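Since the structure comes first, as structure tokens, the remarks are kept for the end.
As the structure is a computational prediction, the values presented were derived from the model and not from experiment. Chain A is the first sequence line, chain B the second, and so forth, proteins listed ahead of strands; every chain is numbered from 1.
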Amino acid sequence: MGSRPWIFVSLILAALAALPVIVKSEYLLGILSVCFIYGIWAASWDFMSGLTGRENFGHALFIGAGAYTSAFLNARFALNPWWGLPAGAAMAVLLALVIGFPTLRLRGPYFALAMLAAATIMQRLTLIFWQYSGGEEGIPGLDPLLNSKIGIYYLCLAALVLTTAALLLLARSHGGLLLRGIRGDEAACQAAGIDVTFYKIAALVVSAACAGMGGVLYAHYQEAVTPDVFSVALSISLIIMVYVGGIGTIYGPAVGAILLALLPELLRGLGQYRLWAYSVVLIFILFFAPGGLVAPLWRRAVGLAR
Amino acid sequence: MLNILVFGAVTSAVYAMLAVGFTLIFGVARVLNLAHGAFYGLGAYSCYLLTGRLGWPLLPAALVAVLFVAAFGVAMERFLVRPLRHSALAVLMITIAVALLFEQAMFLLFGSEARNVPAFINATWSYGELDVSGQRLLTLGAGIAIVALLWLFINRTRLGSAILALSQDREGALYMGIPADRIYAVVMAISAAIAAAAGVLTAPFLTVQPTMDLLPMIKAFSIVIVGGLGSIPGSILAALLLGYSETIVAYAISPAWTEIVSLVAVLLTLILRPAGLLGKRAAF
């Protein structure tokens, strides 16, 4: 890689870091913070599913697990919200292992279906066991991680940049190469003596940990959790964001998520039609731009011939 | 006891109707149709539109609703699934886009409140401790009849043989001159029609809401995984197994725990016998 992409990246990051100095609107900074969290979720989805080609239809399971774990510890046991970050990630990892072990050793659509079922059933359970989970209202009145909106903005931005950078490094490492190999030809990888099940589960664990931490950030940004964090609509929205960004590129989905999450906020009145618009966008992408939009444009902009 | 026997049978019949269509289209066309729940919901909503808004009598409304959903399934297969068949992931994504569009369209058209669809039979039937609505018994009867007819159709007719042949060996079937695309359309129509029939039949005693498509679909593919992907007898067996397990759990412990039954069943199946109860390489 030449120096040109780095200049671009630095410029964009500098602009985002300088934004709170220029824009004083706490409302806009709040929206952007949520968009960054979406970016973390989309990048973490892409790390497992984009690289290995095992599509995950219930990423919200990890997000919700992180959010609810932290909310529970904070609201019931008055634990400092910062402890929620490791606790939420640990719970997401636990769930990843429970679902991953039986399903990822198999070929076929079992993993996708089991994740979708698990996330949906968790959402139902939060409604059914309302005495503990607060039901439809969820758990309100959580402590924020930081007291100033600007602080939270920087926290979310830092979390997004660090996660994306870490996932990109992992994806370009030897292990990441193996994950791409699994996507290309699983049988050949197995024949070459690679423990493909281990690599797939490891990727899922990393992906779940990032998503769970994103969930914790989200819960404490909202200062509440509701069963919506487990919703299929969230899982599917993330996948659509990944498709728009360019599947398998990690940075593409992160940017795609920020743009798609920002869109309904910028176009007033679109909010109600958000999912409708997303599904139309998805159909368009599948037919006309299977490589996504963000990643190909970025490569052209920085002059990478890949 | 009698309650468990009858209500378990009704639940199983609904599950079987949903699962056979889902497994059929997977077994034959290798399409994992995540819009299957949308077919079920679309059946119920079409019936609501015709009876509730346009004032049609129930029987023609039900028939038109089922035919409409079958046509919708064929159109989806022709215009959205077929062009993307080269990539399994793209097919999966397009079906989920259709499911999402269904939910949003119903939400925008009819709002989020629950809608009522009239029942074919309003009487209830009591025997000892048992107290069951006629509509549930009709659903049970219709479910058995539909699954039996599907069974006869596949095993006793020429078209059925073509469907079987395609599911067993696509290339071989193509060499024998079986028009694969046309058969896929037929199978999609059958699969959509059965799901819509289940929607029309259960709508009077379940809720008709935009989000109604999700849970039945999750049940359908849980059953299909437990029974073996692509196996129709497996789906029927697993539908009975899950239908009765859920009913027993609801009576013995609490209805709250029924949702976990299917997830546990799926995970246990995948750990102990990934192919499913009756799953084989051949589809049926």
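Applying the side-chain hydrogen bond (donor to acceptor under 3.5 Å, both in side chains) criterion to R53(B), with sequence neighbours excluded, gives Y48(B). Applying the salt bridge (charged side-chain N to carboxylate O under 4.0 Å, His left out) test to E77(B) and every residue at least two apart in sequence or in another chain returns R82(B), R85(B).
Options T211(B), V98(B), L100(B) differ in how many heavy-atom pairs under 4.5 Å they form with chain A, and the most are formed by L100(B). Chain A forms the most heavy-atom pairs under 4.5 Å with one residue out of L92(B), L101(B), I96(B), L272(B), and that residue is L101(B). No other option in I225(B), L267(B), V266(B) has as many heavy-atom pairs under 4.5 Å with chain A as I225(B).
Within the 4.5 Å cutoff, the side chain of L89(B) has heavy atoms near those of the Y243(A) side chain. Side-chain contact between P102(A) and L268(B) is absent, with no heavy atoms from C-beta onward closer than 4.5 Å. Residues L34(B) and L113(A) have side chains in contact (heavy-atom distance under 4.5 Å, counting atoms from C-beta outward). For the pair L229(B)/Y110(A), a side-chain contact is recorded, criterion being any heavy-atom separation below 4.5 Å from C-beta on.
The heavy-atom pair separating A105(B) from W276(A) by the smallest distance is CB-CZ3, 3.8 Å. Across all non-hydrogen atoms, the minimal contact from A97(B) to S279(A) is O-CB, 3.8 Å. For the residue pair L270(B) and R105(A), the shortest heavy atom distance occurs at O-NH2, 2.6 Å.
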Pair I260(B)-R124(A), side chain to side chain contact (heavy atoms under 4.5 Å, CB included): steps then yes or no: CA-CA 9 Å; I260(B) 310 176; R124(A) 299 276 305 169; over 6 Å; no
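Residue F205(B) qualifies as enclosed at atom CZ: its count of foreign heavy atoms under 6.0 Å is above 12. In the displayed structure, E113(B) atom CD is contacted under 6.0 Å by more than 12 heavy atoms of other residues, nucleotides or ligands. The number of heavy atoms from other shown groups lying within 6.0 Å of CD (Q190(A)) is above 12. Counting heavy-atom neighbours within 6.0 Å of M106(B) CE, excluding the residue itself, gives a total above 12.
In this structure, no portion of F101(A) lies under 4.5 Å from any heavy atom of chain B. Only the side chain of I218(B) has a heavy atom closer than 4.5 Å to any heavy atom of chain A. Only the side chain of L32(B) comes within less than 4.5 Å of a heavy atom of chain A; its backbone N, CA, C and O stay farther away. Within the 4.5 angstrom heavy-atom criterion, only side-chain atoms of F129(A), from C-beta onward, approach chain B. Contacts between I240(A) and chain B at a heavy-atom distance below 4.5 Å involve the side chain alone, from C-beta outward. Residue contact with chain A, scored on non-hydrogen atoms closer than 4.5 Å, involves the side chain of L214(B) exclusively. In this structure, chain A has a heavy atom under 4.5 Å from the side chain of L215(B), while its backbone stays farther away. Residue contact with chain A, scored on non-hydrogen atoms closer than 4.5 Å, involves the backbone and the side chain of I94(B) alike. In this structure, the portion of I236(A) lying under 4.5 Å from any heavy atom of chain B is its side chain and not its backbone. Heavy atoms of I121(A) lying under 4.5 Å from chain B belong exclusively to its side chain.
For residues 44-59 of chain A, a heavy-atom distance under 4.5 Å to chain B picks out E55(A), F57(A), given by residue number. By a heavy-atom distance cut of under 4.5 Å, L282(A), I283(A), L286(A), F287(A) are the residues of residues 281-289 of chain A near chain B, going up by number.
Atoms CZ and CG, on F221(B) and L116(A) in that order, are 4.0 Å from each other to the nearest 0.5 Å.
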